[in-house]
Amino acid sequence: MEDKLLLKLLQKNARMKITDLAAALDESKDDVINRLTELEKQKVICGYHTIVNWDKTNTEIVTALIQINASPEREYGYDRIASHIYKFSEVDTMYLLSGSFEFVAIVKGKTMQEVAHFVASKLACVDGVTGTSTFFTLKQYKNNGVVLIEDEDGKNDRLVVTP
Amino acid sequence: MNYENMLSDRVKTIKPSGIRKFFDLASQMDDVISLGVGEPDFATPWAIREAAIYSIEKGKTFYTANQGLLELREEICDYYKRRFHVSYDANDHCILTVGGSEGIDIAIRSILNPGEEMIVLDPGYVAYTPGVELAGGIPVHLELRDEDEFKLTPELLKSVITPKTKAILLNYPSNPTGGFMTKEDYEKIVPIIKESGIIVLSDEIYAELSYEEEFCSIASFDEIKDQVIIISGFSKAFAMTGWRLGYVLANKTLTSAMKKIHQYIIMSAPTAAQYGALEGLRHCQDEVESMRDSYKTRRNFLVKAFNDMGLYTFKPQGAFYVFPCIRSTGLTSEEFCEKLLEDQKVACVPGTAFGAAGEGFIRVSYAYSLEELKVAVEKIKLFVEKYQK
């Protein structure tokens, strides 16, 4: 079974039925189920999530990108400091980077004050963190490969029948 | 005045395309679910579009050299060597054309004298036969068999070659059947081509859409390479149908002949499209691969769906069409497609639109999302259940 194809199908539509997955991969349903279980166990598949455009709901949500400077620790490098940051539930996504700062964390909160408070009172106080810069997002255009704003691009106006 | 009388005899003998009828029927109806389209559902990769826009901004709006931008020709020759192991020279062997369609036309016209025969595969793409007729040649239809999965076998080839045969037009992976020729399949016919000395026009427009087996170009056989004219383009692999950009690759003499026609009737292929294609060849191979992966899963889905409903469908190794056999419904291809359109508002193309040997089959395109295919398949299933014996 081609894992790449299976994963791409699920990445595009995590709700795809096993029957359809099996048909699209030309495999039996049992084989697909077994392979999925295996990939889940190996944490290749880390969940089946939904991309939500919160801007279209009444839910208040503020997103900020935080650049974080940190000093590495003997034995642990950056990993222990990172774990002290990413364990906060406010942190949605986090990366270690090359370049002039060490981490970027995507932090979510209900209001700007809430996020600012989190940065000042929690994140900036983590041992080893030497500085932060906060960038609030104004508009989300694309998330995980999905364009979230109205966009005519790729709107299909093919003729009904062509050779 | 009767303008019919003003028309040339040659154009009068050309039959209107069988596709046209279905286009007219389907476009009169609302909410038709179409599986009748011969072009990708993906928009052209943004990098290609952006490069073309930039070329226009920079004022690259003039004719290019007749043969096309040299750097693009060099890129095409590199690409053919890298991907398909055939070497050509950018100056002597390559012309950029207005789609693969122009390539077919100038290739046929460069080699055919009136009355000479050209073997055309049946079922085959709709433009081949008229192309031969417009050049004054005689199309000889070679009926392929479903039991061979519409491959060209040595027996079939031998049965149609006569002293009058000038050339043969191949198209693998095939529109409409999805038929495919592997290296081993070609090895069986190459000696016949070599011995007969006929020219091979090889329409390789679907080369990038090959699934399990690696695509093999017939020009990769050194002993007949100079007998081959490759016709290809950017429409299918790079999702660039509307840009109208293709190319031909052939030996020096044939290329010069094709260039003669091309420079008078076309001058040069669209400039912005050439800049876009250059970017495509240089940087968009990943997107090509990603589209190929999508097509493959859709093909698997459709092949199973049709076989499950009792319409035998072989698993095509290339292009984006499946070619289910509908004989078990007792309907002809045309009846099947007309009634399916009336009953369920699903448009497919009858196999007969691609030649007499297409009777008993329909062409179903999978240039649609899996979700769309799923809806269409449910409707076809309802329809088939009514007629299945």
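Keep in mind it's a predicted model, so treat the numbers as computed, not measured. Residue numbering restarts at 1 for every chain, and letters A, B, ... go by the order of the sequence lines.
More than 12 heavy atoms of other residues, nucleotides or ligands shown are found within 6.0 angstrom of NZ on B:K315. The number of heavy-atom neighbours closer than 6.0 Å to CD of A:Q11, taken from other residues, nucleotides and ligands shown, is 12 or below. Annotation for A:Y95: atom OH does not count as buried by contact number, only 12 or fewer foreign heavy atoms lying within 6.0 Å. Within 6.0 Å of atom NZ in A:K8, more than 12 heavy atoms from other residues, nucleotides or ligands are found, so the atom counts as buried in its surroundings. Other residues, nucleotides and ligands contribute over 12 non-hydrogen atoms within 6.0 Å of the CD atom of A:Q42. Residue B:E214 qualifies as open at atom CD: its count of foreign heavy atoms under 6.0 Å is 12 or below. For A:K108, the NZ atom sits in a packed shell: over 12 heavy atoms of surrounding residues, nucleotides or ligands are nearer than 6.0 Å. Applying the 6.0 Å contact sphere to CE of B:M29 captures more than 12 heavy atoms from other residues, nucleotides or ligands.
The contact between A:K4 and chain B is made entirely by side chain atoms (from C-beta outward), counting heavy-atom distances below 4.5 Å. Looking at B:V37, both its backbone and its side chain come within 4.5 Å of chain A, counting heavy atoms on both sides. Proximity to chain A is absent for every atom of B:R20, based on heavy atoms less than 4.5 angstrom apart. Proximity to chain A is absent for every atom of B:S17, based on heavy atoms less than 4.5 angstrom apart. For B:Y366, no part lies under 4.5 angstrom from a heavy atom of chain A. Heavy-atom distances place both the backbone and the side chain of B:D293 under 4.5 Å from chain A. In this structure, chain A has heavy atoms under 4.5 Å from both the backbone and the side chain of B:K296. Proximity to chain B is absent for every atom of A:L21, based on heavy atoms less than 4.5 angstrom apart. For B:A367, the parts lying near chain A are the backbone and the side chain together; criterion is any non-hydrogen pair under 4.5 Å.
The backbone N or O of A:V161 sits nowhere less than 3.5 Å from a side-chain atom of B:S34 that would complete a donor-acceptor pair.
Atom NZ of residue B:K374 and atom OG1 of residue A:T19 lie 7.5 Å apart, to the nearest 0.5 angstrom. Atom CG in A:L9 sits 8.0 Å away from atom OG in B:S294 (nearest 0.5 Å). To the nearest 0.5 angstrom, B:T297 atom OG1 is 8.0 Å from A:K12 atom NZ. Summarising the geometry, atom CG belonging to A:L159 is positioned 9.5 Å from atom OG1 belonging to B:T241; distances are rounded to the nearest 0.5 Å.
Counting all heavy atoms, side chain and backbone alike, B:L370 lies closest to A:A24 at CD1-CB, 4.3 Å. Of all heavy-atom pairs spanning B:E371 and A:N13, the tightest one is OE2-ND2, 3.6 Å. When all heavy atoms are compared, the tightest approach of B:A26 to A:V160 is CB-CG1, 3.8 Å. Closest approach of B:Y125 to A:P163, counting heavy atoms only: CE1-CB, 3.7 Å. The heavy-atom pair separating B:E39 from A:T162 by the smallest distance is N-OG1, 4.3 Å.
With chain A as the partner, the residue from B:A347, B:A127, B:A305, B:S290 showing the most heavy-atom pairs under 4.5 Å is B:S290. Listed options B:G18, B:S365, B:P40 were ranked by heavy-atom pairs under 4.5 angstrom with chain A; first place goes to B:P40.
Residues B:D41 and A:R158 meet the side-chain proximity criterion, which asks for heavy atoms closer than 4.5 Å.
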